[in-house]
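A quick write-up on the structure given underneath.
Numbering starts at 1 and runs along the sequence shown.
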Amino acid sequence: MDNKYSLPKDGGLIVKDIPEDLLYRFEKIPATIFEHEQSAVSYIADSVSEAIRVHERANEGKRPFVLGLSTGKTPLGLYRELVKRYEKGEIDFSNVVVYSLDEFYPINKESQHCRNYYIRNEFLNLVNIKPENIHIPDGTISPTEITQYCEQFEKSCNIDLMLMGTGTNGQIGFNEPGSYEKSRTRLVQLSHNSRKIQSIFFSSMERTPDMAITMGIETILRSKRIILMAWGEEKTDIIRSIVEGEMNNQQPATLLQQHDNIEVVADENAAGKLTRMATPWLVGKCNWTPKFMRRAVVWLCGEVGKPILKLTHNDYIEHSLGDLLEAKGPYDKINIDVFNDLQHTITGWPGGKPNVDDSFRPVSSKPFPKRVLIFSPHPDDDVISMGGTFIRLVEQGHDVHVAYETSGNVAVHDDVVLQHLDTAREIGFADKYNEVKGIIASKKKGDSEPRALLDLKGGIRRAEAKAAVRSFGLDEGHVHFLNLPFYETGGIKKGALTDTDIDIIVKILREVKPHQIYAAGDLADPHGTHRICIEAVLNALDIIRKDDWFKECHMWLYRGAWMEWDLGMVDMAVPLSPDELLKKRHAIYRHQSQKDIVPFPGSDNREFWQRAEERTQNTARLYDKLGMAEYQAIEVFVRMF
């Protein structure tokens, strides 16, 4: 399904009639930015189609068009779009030669963990590219022949259009930080960090290949044209470095600045830290809505190290905010307006305070109590990311329901399963320990988890989720396990979102008929599950939008464990006392399978409760620095509608 997710917009750069030299003046590589990934994919597909047609007219079919392809998850949407266009007869690949960027070594090309598995199965096998025109690094070449093989691959690799993504550290292919600028196609040793990232697809570091074949940086730069694409917030830092930073081989993708025919195509999330996106007042005139004005003033406070009410006229002028003074000044009025605007986001009543004037409160006082539905992608995201608010809603008397969208079964370590079974055996309830131990021992490298084992792991996570919410008074009748099918692949790579998933969301929405919906609006989830879950909710809301009950419904977005909302975007801030923070921590503790030995922790080694507390305490410090009251911690939300 097409990606529909984007955050509400409020103000921003006025791009109409702005000269290109001003719009792009901070960019060393021109960036084309789209609201959604799908719009960007359509644009790139247009570019591919046109490039092939122009080449055919110029060469009269004598020389094939050479297309470079990138592995990884970034180009998958593009490959699917190209297949759609081929099926409609809009593009012909019969005179196209393809070269793939990289491959693990050693690995069998039929393995689902092969880097080119999806290129073959999502693209090449579905269009009319001739088999002899497909050039993918061969992960089965013998060690004695690999050097000669790479040399031959290099000689034949003269690409007309290179389509590629980049890793969060600026890797292009497997040209990792420190790669030599003149490098060519070769066998490389993978760094520990790269193997750690890839290990989520192989179940363990031990099963992850430690080498790969990759085109070199010089090979890539030899392409006649390059399109580098990027989606999602996890790419914001590297896209800023590639587009606006200095070239350095610790971020190999920045070396692409040398190319004279390169374009970066990104969605708004990946481009979020480019100057024209992050601080557009440095680029040109802006539409100064109250929230956008707050965003600029919060930025200014950070730049000068002052709270809002201590900003001066010179602070605004010296930091390129003269346009704001002209539109909304004088400066002291702006200070007071923004201070009040931010102050009004703070509430101790996330469901609305009954029998009060709610003119300046983020949530209306009526109806009270409210029906509340909290969507949690995994069985612990609810308490990790909005546990304090969840507890408040329950204790303040609202009819709160929580819906766990996926089972989270693959995130349970085998040892945890054995510990639970050993406990059951020791207290005399059942003795399945040796049976399950045998199932675990029979697992084979590259295979999906056995269903019997997944069912046990899912049961462990359900019990933990119920224990967590029971700790602050929510009864089991208000706990719903949706087990969306897209997740149930038995591995880290998930299936596509389908109508079956969406129908399950529609059903729970129509059962609860909530006045408030809370959902994880997280674009930075490294595994992608959060992203698919928010898409499922939004697609379901499109279906029920005309239901009578929906007219009184509002949706609030919280963040997952990786990032927090920028204060310029926040619509509701719920302060937590020390005791409430402790209650939240104890709820997170109930998820014992995710404590200490999480199978896929990513690059952040902190436990989830530590991430949650440090994030909410940092948010409280930011409010304090801006001149607000000092709180122990604050959970923040963005209103979707």
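The aromatic rings of F472 and F390 stand perpendicular to each other, their planes meeting at an angle above 60°, with 30° marking the opposite boundary. Ring geometry for Y518 versus F637: interplanar angle over 60°, hence perpendicular rather than tilted (30 to 60°).
A donor-acceptor pair shorter than 3.5 Å cannot be found between the side chains of T312 and N314. For the 3.5 Å distance criterion, the side chains of D323 and Y316 fail to qualify, holding no donor opposite an acceptor. Side-chain contact check for E81 and S42: no donor-acceptor pair (N or O, by modelled atom type) lies under 3.5 Å. For the residue pair E263 / T32, a side-chain donor-acceptor distance below 3.5 Å is found, with atom types taken as modelled.
Outside the 6.0 Å centre-distance limit, the rings of H554 and H515 are not counted as a close aromatic pair. Aromatic rings from F375 and Y558 are positioned such that their centres are separated by 6.0 Å or more.
Residue D571 holds its CG atom at 8.5 Å from CG of D10, rounded to the nearest 0.5 Å. The line from OG1 of T529 to CG of D381 is 9.5 Å long, rounded to the nearest 0.5 Å. Between S70 atom OG and I227 atom CD1 the span is 12.5 Å, to the nearest 0.5 Å. Atoms CE and CZ, from M563 and R615 in turn, are 10.5 Å apart once rounded to the nearest 0.5 Å. For the atom pair NE2 (H313) and CD1 (I317), the distance works out to 4.0 Å, reported to the nearest 0.5 Å. Distance check: T498 OG1 to D503 CG gives 8.0 Å after rounding to the nearest 0.5 Å.
The shortest side-chain heavy-atom distance between L163 and P75 does not fall under the 4.5 Å cut-off. Counting only heavy atoms from C-beta outward, the side chains of V469 and D382 approach each other to under 4.5 Å. The shortest side-chain heavy-atom distance between Q343 and I346 falls under the 4.5 Å cut-off. Residues V41 and W231 form a side-chain contact, since some pair of their non-hydrogen atoms from C-beta on lies under 4.5 Å apart. The side-chain heavy atoms of R559 and M386, taken from C-beta on, include no pair separated by under 4.5 Å. Under the 4.5 Å side-chain criterion, counting only non-hydrogen atoms from C-beta, I334 is in contact with M293. Side-chain contact between T406 and P377: absent, with no pair of heavy atoms (C-beta onward) separated by less than 4.5 Å. Residues P177 and Q171 form a side-chain contact, since some pair of their non-hydrogen atoms from C-beta on lies under 4.5 Å apart.
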Donor-acceptor pairs are to be reported for all side-chain atoms of residues 623-634 against protein atoms at under 3.5 Å, with residues two or more places apart or in another chain.
residue	atom	partner	partner atom	Å
Y623	OH	T345	OG1	3.0

May I have the list of side-chain donor-acceptor pairs in residues 507-514 shorter than 3.5 Å, sequence neighbours left out?
residue	atom	partner	partner atom	Å
K507	NZ	E511	OE2	2.6
R510	NE	D547	OD2	2.8
R510	NH2	D547	OD1	3.3
K513	NZ	R510	O	2.9

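Considering only residues two or more places apart in sequence or on other chains, E580 meets the salt bridge (charged side-chain N to carboxylate O under 4.0 Å, His left out) condition with R392. Contacts of D17 classified as side chain to side chain contact (heavy atoms under 4.5 Å, CB included), with partners at least two apart in sequence or in another chain: none. The side chain to side chain contact (heavy atoms under 4.5 Å, CB included) test applied to P354 returns W349, F368, not counting sequence neighbours.
Residue V363 comes nearest to D358 through the heavy atom pair O-CB, 4.1 Å, listed as atom of the first residue, atom of the second, then distance. Considering all non-hydrogen atoms of both residues, G568 and K291 come closest at O-CG, 3.1 Å. Among all heavy-atom pairs drawn from L311 and V297, the shortest one is CD1-CG1, 3.6 Å. When every heavy atom of C553 is checked against every heavy atom of I517, the shortest pair comes out as SG-CD1, 3.5 Å. The shortest heavy-atom contact between V636 and A573 is CG1-CB, 3.9 Å. Residue G272 comes nearest to T236 through the heavy atom pair N-CG2, 4.1 Å, listed as atom of the first residue, atom of the second, then distance.
Side-chain atoms of H259 come within 3.5 Å of backbone N or O of N261 as a donor-acceptor pair.
Listed by first then second residue, pairs satisfying ring pair (Phe, Tyr, Trp, His ring centres under 6.0 Å) with a partner in residues 264-285 read W281-F292, W281-W299, not counting sequence neighbours.
The cationic atom of K494 (NZ for Lys, CZ for Arg) does not lie both less than 6.0 Å from the six-membered ring centre of F486 and within 45° of the ring axis.
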Stepwise side chain to side chain contact (heavy atoms under 4.5 Å, CB included) check, D341 with D337: CA-CA 6 Å; D341 178 46; D337 288 345; over 6 Å; no

Set out, in order, the CA-CA distance, both residues' side-chain angles and the distance that settles side chain to side chain donor-acceptor pair (under 3.5 Å) for E244 and T275, then state yes or no. CA-CA 8 Å; E244 297 184 352; T275 301; 2.9 Å; yes

After noting the C-alpha distance and the side-chain angles of E234 and K73, does the key distance pass the salt bridge (charged side-chain N to carboxylate O under 4.0 Å, His left out) rule? CA-CA 13 Å; E234 63 266 32; K73 65 181 181 180; 3.7 Å; yes

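Within 6.0 Å of atom CZ in F641, more than 12 heavy atoms from other residues, nucleotides or ligands are found, so the atom counts as buried in its surroundings. Applying the 6.0 Å contact sphere to CD of E552 captures no more than 12 heavy atoms from other residues, nucleotides or ligands. Heavy-atom contacts from other residues, nucleotides or ligands closer than 6.0 Å to NZ of K285 number 12 or fewer.
Taking a cutoff of 4.0 Å between a charged side-chain nitrogen and a carboxylate oxygen, E90 and K84 do not qualify as a salt bridge. Contact check on E27 versus R240 returns no salt bridge, with no Lys/Arg side-chain nitrogen under 4.0 Å from an Asp/Glu carboxylate oxygen. Electrostatic pairing of E613 and R585 counts as a salt bridge here, judged by a charged N lying under 4.0 Å from a carboxylate O. With salt bridges taken as basic N to acidic carboxylate O contacts below 4.0 Å, none links D21 and R25. Between K273 and D237 there is a salt bridge, with a side-chain nitrogen of the basic residue lying less than 4.0 Å from a carboxylate oxygen of the acidic one. Contact check on E564 versus R611 returns no salt bridge, with no Lys/Arg side-chain nitrogen under 4.0 Å from an Asp/Glu carboxylate oxygen.
L13 pairs with exactly one of L23, T279, N287, L282 by the side-chain contact (heavy atoms from CB on, under 4.5 Å) rule, that one being L23.
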